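Heavy-atom basis, side chains included; hydrogens, waters and symmetry copies ignored. Values in this document were obtained by computation on a predicted structure and should not be read as measured data.
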Amino acid sequence: MAFPSELLNGYSRYLHKGFLRDKEIQEHLAIYGQTPEVMVVSCCDSRVTPEGIFGAGPGELFVVRNVANLVPPFEATEGQHGTSAAIEYGVTGLHVKHIVVMGHCKCGGIQAFRESANQDHAQKGFIGRWIKLLEPAAISMACMPVDKIEDPQLAMEYAGVRQSLKNLMTFPFVNEAVDRGELQLHGAWFDIGSAELRVMDAATERFETADGPEALPIPTVAAE
């Protein structure tokens, strides 16, 4: 069975452009290891690439991707806790200074949860059991809504990010690092079609378009 030709073609482009451009950086990383200051929890959706969105080069971001960018609550039980293991390594091994949970528009995991809201997620295989993590977010959104928006999909995408940030604080090593002032947690949301980035205000938990001293206007495409 042949290896995908599109991957080999992409590797060739990387080898002759990206790698040559970053050769010294790559060699340094290979010898001295990685020291990223930011960890990003993102969706595995192929349309959402944290390194591309944030213009990050090799070694700058420690990224974990899963369905619907979810962080499970801390559990000390046996099992395969992939996302939790990545968080543990990021905080206790790499000593990242920031963790960003980034949701996105039209998230398939969020949509699947909404469409099966009245069903038993535990009976829906791996995906069903995973998106069951959104149940507390849905309950919180119904009982204490933060947003006044008509789009239930968007509201649930926001709520999922908020719940993941709450779940992060159930990890003892995360809680301790935050209390010591060594770690900050952030929420974000990305619009695939417009490239708009929204960040969550820690005080109000509302999502607002990112701005700052170096913020740039989103470019428009001229009609042909």
Trainee: With rounding to the nearest 0.5 angstrom, report the CE to CZ distance, Met156 to Arg114.
Mentor: 9.0 Å
Trainee: So which pairs with a foot in residues 35-70 pass ring pair (Phe, Tyr, Trp, His ring centres under 6.0 Å), sequence neighbours left out?
Mentor: Phe62-Tyr89
Trainee: Given His186 and Val199, is the side chain to side chain contact (heavy atoms under 4.5 Å, CB included) satisfied, shown in steps?
Mentor: CA-CA 8 Å; His186 312 273; Val199 296; over 6 Å; no
Trainee: Do the side chain of Asn175 and the main chain of Met169 share a donor and acceptor less than 3.5 angstrom apart?
Mentor: yes
Trainee: Looking at every heavy atom in both Glu157 and Cys107, which two are closest together, and how far apart are they?
Mentor: OE2-N, 3.1 Å
Trainee: Can you get from Ile139 to Phe113 by hopping between Ile, Leu, Val, Met, Phe, Trp and Tyr side chains that sit under 4.5 Å apart?
Mentor: no
Trainee: Going through the distances and angles, do Tyr158 and Met141 end up as a side chain to side chain contact (heavy atoms under 4.5 Å, CB included)?
Mentor: CA-CA 9 Å; Tyr158 285 172; Met141 186 176 67; over 6 Å; no
Trainee: Identify the two heavy atoms, one from Trp130 and one from Val67, that lie closest to each other, and give their separation to 0.1 Å.
Mentor: NE1-O, 2.8 Å
Trainee: Using 4.0 Å as the upper bound for N to carboxylate O, is an ion pair formed by Arg206 and Glu208?
Mentor: no
Trainee: Is the count of non-hydrogen atoms from other residues, nucleotides or ligands lying under 6.0 Å from Tyr11 atom OH greater than 12?
Mentor: no
Trainee: Are the side chain of Arg65 and the backbone of Val48 linked by a donor-acceptor contact shorter than 3.5 Å?
Mentor: yes
Trainee: Distance check, rounded to the nearest 0.5 Å: Ser140 atom OG versus Arg162 atom CZ?
Mentor: 8.0 Å
Trainee: Rounded to the nearest 0.5 Å, what separates atom OG in Ser42 from atom CD1 in Ile53?
Mentor: 6.5 Å
Trainee: Is the shortest side-chain heavy-atom distance between Thr170 and Glu75 below 4.5 Å?
Mentor: no
Trainee: Would you say Leu168 and Leu61 are hydrophobically clustered, going by side-chain heavy atoms of ILVMFWY under 4.5 Å?
Mentor: no
Trainee: For Thr92 and Glu88, indicate whether the former's side chain and the latter's backbone hold a donor-acceptor pair under 3.5 Å.
Mentor: yes
Trainee: Would a hydrophobic clustering, with Ile, Leu, Val, Met, Phe, Trp and Tyr connected at side-chain separations under 4.5 Å, put Val178 with Val101?
Mentor: yes
Trainee: Is the shortest side-chain heavy-atom distance between Gln184 and Lys97 below 4.5 Å?
Mentor: no
Trainee: Can you check whether Val71's main-chain N or O pairs, donor with acceptor, with Asn167's side chain at less than 3.5 Å?
Mentor: yes
Trainee: Hey, are the side chains of Val38 and Val100 touching, using non-hydrogen atoms and a 4.5 Å cut-off?
Mentor: yes
Trainee: Considering only Ile, Leu, Val, Met, Phe, Trp and Tyr, and joining two whenever side-chain heavy atoms are under 4.5 Å apart, list the other residues clustered with Leu7.
Mentor: Phe3, Leu8
Trainee: Compare every heavy atom of Pro72 with every heavy atom of Ser84, then report the nearest pair and how far apart it is.
Mentor: OG-CG, 3.6 Å
Trainee: Check whether more than 12 heavy atoms from other residues, nucleotides or ligands sit under 6.0 Å from atom CD of Glu150, and answer yes or no.
Mentor: no
Trainee: Distance from Trp189 atom CH2 to Phe207 atom CZ, nearest 0.5 Å?
Mentor: 9.5 Å
Trainee: Can you find a heavy atom in the side chain of Ser164 that is under 4.5 Å from one in the side chain of Asn69?
Mentor: no
Trainee: Return the minimal non-hydrogen interatomic distance between Ala177 and Val91, and the atom names on each side.
Mentor: CB-CG1, 4.3 Å
Trainee: Could you tell me if the side chain of Ile110 sits less than 4.5 Å from the side chain of Gln153, heavy atoms only?
Mentor: yes
Trainee: Kindly give the heavy-atom pair with the smallest separation between Leu197 and Ala188, and that separation in Å.
Mentor: CD1-CB, 4.2 Å
Trainee: On a heavy-atom basis, which atom in Pro73 and which in Leu133 lie closest, and how many Å separate them?
Mentor: CD-CD2, 3.7 Å
Trainee: Please name all residues satisfying salt bridge (Lys or Arg N to Asp or Glu O under 4.0 Å) with Arg47, sequence neighbours left out, ordered by chain then number.
Mentor: Asp45
Trainee: Measuring from atom CG of Leu154 to atom NZ of Lys106, what distance do you get when rounded to the nearest 0.5 angstrom?
Mentor: 8.5 Å
Trainee: Could you tell me the separation between the CG atom of Asp22 and the CD atom of Glu27, rounded to the nearest 0.5 Å?
Mentor: 11.0 Å
Trainee: Test of understanding: clusters of I, L, V, M, F, W, Y form through side-chain heavy atoms closer than 4.5 Å, transitively. Do Val41 and Phe74 belong to the same one?
Mentor: yes
Trainee: Going hydrophobic residue to hydrophobic residue with side-chain gaps under 4.5 angstrom, can you get from Val40 over to Leu165?
Mentor: no
